[in-house]
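See structure below.
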Amino acid sequence: MFCIVLTYSYLCNMQSKVLLIYTGGTIGMNRNPDTGALEPFDFEHLLQNVPELQQFDTQIATYQFNPPIDSSDMSPRLWTDLSHVIADRYDDYDGFVVLHGTDTMAYTASALSYMLENLTKPVIFTGSQLPIGQLRTDGKENLITSIEIAAAKDEEGHARVPEVGIFFGGHLLRGNRTTKQSAEEFNAFESFNYPHLVDAGVNIVYHSNRILKPDFTKPMKPHFRLDNNVIIFSLFPGVREDLIRHIIHTPNLKSIVMRTFGSGNAPQSPWLLKALKEGTRNGKVIVNISQCMQGAVEMRRYDTGYHLQEAGVVSGYDSTVESAVTKLMFLQSHYDNPDKVREMMIRNIRGEISLL
C-alpha cells in the first residue's frame, strides 16, 4: 500500500502559491553506481538540484508520494489519490505542478481533466527524459517553466491556464489531447490534433484563445470514482474472429476502445460487423479511434466506416487513445445506461475532441 507524506518547503513569501506534487518518474531518479540502473531518491535531493527555485516570486510547497511511483504502475486508484491531494488543498494554492513519469503521463493528465470539473486553476504535469541530477537534464527547464505557468495570472487575477496541461520541451499542451511521441527526444510529447496552449522560448507566449474558459464564479467540482471495465484493442490485417469475439463477450467488460485504420475504417468481414452488433446489443460501448497520430475518425467518409456506425460503434472523433479510455472510465462510473455513455462520448466535455 502506498503511503503519502506531506512536507512543506516555503521558498519565499510572495502572493502566488504553487503546490509541487512529486509522484515519481525519471526527473527524481539517480543512477545506482553498482547496477547502473535508475532508482528513485529522496525528493529533498531533487529540490537541492534546482537552486533556481530560490529565485521565484512564488511561494512553493511540496507534497511527496512515498514511495515514489514508477509511471508503469499508475492506476485509477492512484489517480483518485492525486485528485484528493489537489481537491483537499485547492483553496490554498493558485496552481499545481505534478512531477510524473513520462510513460503514462498522458493517461494521468487525461484522467485528471475529467475528474476535476470546472477547473479554475492550473494543474501542470511535467517530468524529464534525464534525471535532474545529470548535467544535460531537461528536468530543470521543464520544472521551472511549469511553476511559472502554474503561478501566472491575468489582469483580473484569474489563472492564465485554468486546465490540466502537460509541459515538455518548451510547450504546454492540453493534457487530454497529448500523446508521448518519443522515448529519446527531449520533446517527448505532442498534441497532434490541437495547437499548443503556451510556447516558452525567450518569452512565454500564452495563446489565450486556445485555453479553456471555466466559470470562475462557480467552484471546482472534484470526482473520485472511475470504472476501469474497459479494454483497448487494435485491428490489423488478419485479426482473428475467435479472439475478437472472446474480447467482446468478456464478462463485466463495459466498453471497448477499438483502434481502426485511417479515418476510422475496419475490415468489412461479416463476422466482425456481426460481433460488434452483438456487443452493442449486449450493452457494451464501442468507441472508434484512429490508429493514426494525427487526424480524426470520419465514419461517413468511407463505406467501411458507415457499416461500423450501423453496428452501433460510436465515433471518437480526433480523441487520443489515452483520453478515450479515461473518459470511458469516468463516464461509466457515473452512468449505468450505456446509451447515456455513448451520448456523452460524442460530446466535448473537457476540450478533448473537435466535433466535425
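Values reported hereafter were calculated over all heavy atoms of this structure, with side chains retained and with hydrogens, waters and symmetry mates removed.
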| Test item: Gln291 side-chain N/O and Leu235 main-chain N/O as donor-acceptor pair under 3.5 Å | yes

| request: Report yes or no: do Leu243 and Ile286 belong to one cluster of Ile/Leu/Val/Met/Phe/Trp/Tyr joined by side chain heavy-atom distances under 4.5 Å? | output: no

| Short question: side chain of Glu117, backbone of Lys221 - any donor-acceptor pair under 3.5 Å? | no

| said: Does Met344 form a side-chain contact (heavy atoms from CB on, under 4.5 Å) with Val341? I'd like the steps, not just the answer. | reply: CA-CA 5 Å; Met344 297 300 291; Val341 175; 5.9 Å; no

| task | For the pair Arg342 and Asp339, find out whether any cationic side-chain nitrogen is under 4.0 Å from an anionic carboxylate oxygen. | result | yes

| said: Quick check: closest heavy atoms across Ala106 and Phe189, and the distance to 0.1 Å? | reply: N-CE2, 4.4 Å

| request: Look at the aromatic rings of His223 and His334 and report parallel, tilted or perpendicular, splitting at 30° and 60°. | output: perpendicular

| Distance-only side-chain donor-acceptor flag, His100 / Thr108, under 3.5 Å | yes

| task | Indicate if Val230 and Ile346 have the same hydrophobic cluster label, given that clusters are the connected sets of ILVMFWY residues with side-chain heavy-atom separations under 4.5 angstrom. | result | yes

| message | Suppose clustering is done on Ile, Leu, Val, Met, Phe, Trp and Tyr with side-chain heavy atoms closer than 4.5 Å. Which residues sit in the same group as Phe192? | response | Met293

| request: Report yes if the side chains of Val18 and Tyr93 come closer than 4.5 Å at any heavy-atom pair, otherwise no. | output: no

| request: Please round to the nearest 0.5 Å and tell me the distance separating atom CD1 of Ile147 and atom OG1 of Thr58. | output: 8.0 Å

| request: Check whether any side-chain heavy atom of Phe261 lies under 4.5 Å from a side-chain heavy atom of Ser234, and answer yes or no. | output: no

| task | Identify whether Trp271 and Ile256 are in the same connected component of the hydrophobic contact network (ILVMFWY, side-chain heavy atoms under 4.5 Å). | result | yes

| request: Using modelled atom types only, decide if a donor and an acceptor are shared between the side chain of Ser83 and the backbone of Trp79 within a distance under 3.5 Å. | output: yes

| Is there a donor-acceptor contact under 3.5 Å linking the side chains of Asn142 and Ser128? | no

| task | Say whether, by atom type as modelled, one donor and one acceptor occur between the side chain of Ser333 and the main chain of Phe330 under 3.5 angstrom. | result | yes

| OG1/Thr280 to NZ/Lys284 distance, rounded to the nearest 0.5 angstrom? | 10.0 Å

| query | Yes or no on side-chain contact (heavy atoms from CB on, under 4.5 Å) for Ile244 and Asp242, after CA distance, side-chain angles and deciding distance? | reply | CA-CA 6 Å; Ile244 294 297; Asp242 57 334; over 6 Å; no

| request: Measure from the side-chain N and O atoms of Thr250 to the backbone N and O of Leu253, and report whether any donor-acceptor pair falls under 3.5 Å. | output: no

| said: Test salt bridge (Lys or Arg N to Asp or Glu O under 4.0 Å) on Arg245 and Glu278; report intermediate values, then the result. | reply: CA-CA 9 Å; Arg245 285 191 172 277; Glu278 290 173 1; 2.8 Å; yes

| message | Do Tyr317 and Val297 have side chains that approach each other closer than 4.5 Å (heavy atoms only, starting at C-beta)? | response | no

| said: A quick test of your reading: do over 12 heavy atoms of other residues, nucleotides or ligands sit less than 6.0 Å from NZ of Lys274? | reply: no

| said: Under a 3.5 Å distance rule, please check whether Asn118 uses its side chain to pair with a backbone N or O of Pro214 as donor and acceptor. | reply: no

| query | Between Met329 and Lys254, is a side-chain contact (heavy atoms from CB on, under 4.5 Å) present by the stated rule, with each step listed? | reply | CA-CA 9 Å; Met329 289 183 188; Lys254 293 183 179 180; over 6 Å; no

| task | Check whether NZ of the Lys or CZ of the Arg Arg350 lies under 6.0 Å from the centre of the six-membered ring of Tyr114 and within 45 degrees of that ring's axis. | result | no

| remark: One should read off an interatomic distance between Ser75 OG and Tyr107 OH, to the nearest 0.5 angstrom, of 14.0 Å

| field | Stepwise side-chain contact (heavy atoms from CB on, under 4.5 Å) test for Tyr206 and Ile204 | value | CA-CA 6 Å; Tyr206 295 85; Ile204 299 179; 3.5 Å; yes

| query | Do you know the tightest heavy-atom contact between Lys180 and Ala183? | reply | CE-CA, 4.1 Å

| Going hydrophobic residue to hydrophobic residue with side-chain gaps under 4.5 angstrom, can you get from Leu212 over to Met115? | no

| field | Heavy-atom pair of closest approach, residues Gly262 and Cys292 | value | CA-SG, 3.9 Å

| said: Does any part of the side chain of Leu116, heavy atoms only, come nearer than 4.5 Å to the side chain of Met220, both counted from C-beta? | reply: yes

| task | Using only heavy-atom distances, determine whether the side chains of Asn176 and Ser110 contain a donor-acceptor pair under 3.5 Å. | result | no

| remark: CD1 of Ile21 to CZ of Arg89, rounded to nearest 0.5 Å, is 8.0 Å

| Does Val164 reach the side chain of Leu119, with side-chain heavy atoms less than 4.5 Å apart? | yes

| In Å and rounded to the nearest 0.5 Å, what is the CG to CG distance from Leu308 to Leu276? | 6.5 Å

| field | Over 12 foreign heavy atoms within 6.0 Å of CG, Asp199 | value | yes

| task | Taking the side chain as every heavy atom from C-beta outward, state whether His171 and Val198 have any atom pair closer than 4.5 Å. | result | no

| task | For residues 314-332, pull every pair meeting salt bridge (Lys or Arg N to Asp or Glu O under 4.0 Å), keeping only residues two or more places apart or in separate chains. | result | Arg177-Asp318, Lys327-Glu352

| query | What distance separates Leu331 CG from Asp227 CG, expressed to the nearest 0.5 Å? | reply | 10.5 Å

| said: Quick check: closest heavy atoms across Ile144 and Phe56, and the distance to 0.1 Å? | reply: O-CZ, 3.2 Å

| Closest non-hydrogen atom pair between Ala109 and Gly175, with its separation | CB-CA, 3.9 Å

| query | Can His196 and Glu190 be counted as having a side-chain donor-acceptor contact under 3.5 angstrom? | reply | yes

| request: Indicate yes or no: at least one non-hydrogen side-chain atom of Thr260 is less than 4.5 angstrom from one of Met258. | output: yes

| note | In terms of heavy-atom contacts, Leu272 and Ala266 come closest through CD2-CB, 4.1 Å

| said: Is there a path of hydrophobic side-chain contacts, each under 4.5 Å between heavy atoms of I/L/V/M/F/W/Y residues, joining Val313 to Phe233? | reply: yes

| query | Has Arg174 got its NZ or CZ under 6.0 Å from the middle of the six-membered ring of Tyr194, at an angle within 45 degrees of the ring axis? | reply | yes

| query | Does any N or O in the side chain of Ser146 come within less than 3.5 Å of the main-chain N or O of Val97, such that one atom is a donor and the other an acceptor? | reply | no

| Does Lys121 make a cation-pi contact with Tyr90 (under 6.0 Å, within 45 degrees of the axis)? | yes

| query | Under the 3.5 angstrom rule, does the side chain of Lys213 hit a backbone N or O of Ile211 as a donor-acceptor pair? | reply | yes

| said: Under a 3.5 Å distance rule, please check whether Gln309 uses its side chain to pair with a backbone N or O of Arg300 as donor and acceptor. | reply: no

| task | Check whether any side-chain heavy atom of Phe125 lies under 4.5 Å from a side-chain heavy atom of Leu99, and answer yes or no. | result | no

| message | I'd like to know whether NE2 of His246 has more than 12 heavy-atom contacts from other residues, nucleotides or ligands below 6.0 angstrom. | response | no

| message | Quick test of your reading of the model: are Asp94 and Lys153 salt-bridged, counting only N-O distances below 4.0 Å? | response | yes

| task | Could you tell me whether a side-chain N or O of Gln64 sits under 3.5 Å from a main-chain N or O of Tyr22, the two making a donor and an acceptor? | result | no

